[in-house]
Amino acid sequence: MSGVHLIINGKDAKKEWGVLTTPNTLSALLAPCSMKERPTFTSRLEHGSRIDNSDPKMAQRDLNLEIQMTARTPEEFYSRHDAFCAELYKGEFELITSDRPDVVYHMLYDSCSPYTQFCRGQATLSLKCTEANPENRKAK
């Protein structure tokens, strides 16, 4: 898993910001999407309900992408941190993994939970993101 790199908005996340994947990152990306509720018709004249499954659609999905940020010095860490936050604050980003370069995840950045394992040169963080349309995984 450690050999899988992230490409965020066309930039190698490891080289640009010291961002590495964790097993949880890939697990979140590969999890099957939920489906939207199917149209349901209920009548007093029939037992149960009729459920229309003729055109199923995927729902948007909310993801927690766990990543690690590393640096050789505290100064480099804070510099990388500021640059990475600036990239996230654009609001949306394209995410590609090196093991599946043909799949482009179109993500909206929502928030980040407090860092865990923070030690001025390494931190683990969880990005909360939304994939508005999981059916659209093509490059723009």
Side-chain angles (χ1 to χ4, degrees):
M1 295 289 178
S2 63
V4 177
H5 297 284
L6 298 177
I7 309 299
I8 298 174
N9 291 338
K11 300 172 187 168
D12 183 319
K14 182 178 179 182
K15 291 178 184 173
E16 192 79 20
W17 307 290
V19 169
L20 308 170
T21 60
T22 71
N24 294 341
T25 308
L26 301 176
S27 176
L29 290 171
L30 293 174
C33 300
S34 298
M35 302 300 290
K36 285 187 173 182
E37 284 190 38
R38 292 159 178 86
T40 303
F41 306 96
T42 304
S43 170
R44 288 185 46 87
L45 303 175
E46 298 177 7
H47 294 289
S49 299
R50 282 189 275 152
I51 299 174
D52 181 358
N53 193 43
S54 61
D55 192 19
K57 301 290 184 191
M58 285 186 267
Q60 82 172 31
R61 67 181 186 154
D62 298 318
L63 298 152
N64 289 320
L65 300 177
E66 184 181 273
I67 60 172
Q68 289 184 329
M69 184 179 289
T70 62
R72 290 180 293 274
T73 66
E75 294 77 18
E76 181 183 43
F77 179 86
Y78 292 124
S79 174
R80 285 179 167 183
H81 172 268
D82 291 346
F84 186 64
C85 288
E87 194 72 29
L88 293 176
Y89 293 155
K90 292 178 181 177
E92 63 182 307
F93 60 95
E94 288 187 349
L95 177 70
I96 301 170
T97 61
S98 62
D99 65 335
R100 298 186 71 201
D102 56 324
V103 177
V104 180
Y105 299 94
H106 301 281
M107 306 299 241
L108 299 171
Y109 170 70
D110 297 321
S111 65
C112 180
S113 62
Y115 293 4
T116 59
Q117 302 178 10
F118 176 69
C119 60
R120 294 176 43 146
Q122 181 175 341
T124 301
L125 52 146
S126 182
L127 303 176
K128 295 181 188 333
C129 303
T130 301
E131 185 179 17
N133 182 2
E135 183 66 18
N136 176 21
R137 293 193 176 155
K138 307 271 188 275
K140 288 185 179 179

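As the structure is a prediction and not an experimental result, all values here were calculated from the model.
In this structure, CD1 on Ile7 lies 11.5 Å from NZ on Lys14, to the nearest 0.5 angstrom. Annotation: the span from Met69 atom CE to Leu125 atom CG amounts to 6.0 Å, rounded to 0.5 Å. Rounding to the nearest 0.5 Å places CG of Leu108 at 14.5 Å from NZ of Lys90.
With sequence neighbours excluded, the residues that form a salt bridge (charged side-chain N to carboxylate O under 4.0 Å, His left out) with Glu76 are Arg72, Arg80. Under the rule for a ring-ring contact (aromatic ring centres under 6.0 Å, His included), Phe93 has no partner lying at least two apart in sequence or in another chain. Applying the side-chain hydrogen bond (donor to acceptor under 3.5 Å, both in side chains) criterion to Thr42, with sequence neighbours excluded, gives Ser49. Every residue meeting the side chain to side chain contact (heavy atoms under 4.5 Å, CB included) condition with Gln122, not counting sequence neighbours, appears here in chain and number order: Gln68, Thr70, Cys119. By the salt bridge (charged side-chain N to carboxylate O under 4.0 Å, His left out) test, Lys11 is found to be paired with Glu87, residues two or more places apart in sequence or in another chain being considered. Every salt bridge (charged side-chain N to carboxylate O under 4.0 Å, His left out) that Lys57 has, sequence neighbours left out, goes to Asp55. Scanning for ring-ring contact (aromatic ring centres under 6.0 Å, His included) contacts around Tyr109 gives an empty result, with sequence neighbours left out. For the side chain to side chain contact (heavy atoms under 4.5 Å, CB included) test, residues two or more places apart in sequence or in another chain that qualify with Ser98 are Val4, His5.
For the pair Ser43/Phe41, no side-chain contact is recorded, criterion being any heavy-atom separation below 4.5 Å from C-beta on. No side-chain heavy atom of Arg61 sits less than 4.5 Å from a side-chain heavy atom of Ser34. Taking the side chain as every heavy atom from C-beta outward, Ile67 and Thr21 never approach each other to under 4.5 Å. Residues Leu29 and Met107 are in side-chain contact: their nearest non-hydrogen atoms beyond the backbone lie under 4.5 Å apart. Between Glu66 and Thr124 there is a side-chain heavy-atom pair separated by less than 4.5 Å.
For the ring-ring contact (aromatic ring centres under 6.0 Å, His included) condition, the pairs that include at least one residue of residues 54-91, sequence neighbours left out, are Trp17-Phe84, Phe77-Phe118, His81-Tyr115.
In terms of heavy-atom proximity, Cys33 sits nearest to Pro134 at SG-CB, 3.3 Å. Contact record, Leu63 with Ala28: CD2-O, 3.3 Å, taken as the closest heavy-atom pair. In plain terms, the two heavy atoms of Glu92 and Asn9 that are nearest each other are O-ND2, 4.1 Å. When all heavy atoms of Asp110 and Cys129 are compared, the closest pair comes out as OD2-C, 3.4 Å.
Cluster partners of Ile51: none. The rule joins Ile, Leu, Val, Met, Phe, Trp and Tyr whenever side-chain heavy atoms lie under 4.5 Å apart, and it links nothing here. Other residues sharing the hydrophobic cluster of Met35, ordered by chain and number and joined by side-chain separations under 4.5 Å: Met58.
When atom types are taken as modelled, the side chain of Thr25 and the backbone of Leu65 share no donor-acceptor pair closer than 3.5 angstrom.
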Handout entry: Residues Cys112, Lys128; criterion side chain to side chain contact (heavy atoms under 4.5 Å, CB included); working and verdict
Key = CA-CA 6 Å; Cys112 180; Lys128 295 181 188 333; over 6 Å; no

Practice task
Applying side chain to side chain contact (heavy atoms under 4.5 Å, CB included), run through Arg50 and Thr40 and close with a yes or a no.
Solution key: CA-CA 6 Å; Arg50 282 189 275 152; Thr40 303; over 6 Å; no

Acceptor/donor pairs from residues 99-106 side chains to any protein atom, 3.5 angstrom cut, sequence neighbours excluded:
{"unit_1": "Asp99", "atom_1": "OD1", "unit_2": "Thr97", "atom_2": "OG1", "d": "2.7"}
{"unit_1": "His106", "atom_1": "NE2", "unit_2": "Lys138", "atom_2": "O", "d": "2.6"}

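No side-chain donor-acceptor contact under 3.5 Å links Asn24 and Thr22.
No more than 12 heavy atoms of other residues, nucleotides or ligands sit less than 6.0 Å from atom CD of Glu135.
In this structure, Val19 is not a member of the same hydrophobic cluster as Ile96, with clusters built from ILVMFWY side-chain heavy atoms closer than 4.5 Å.
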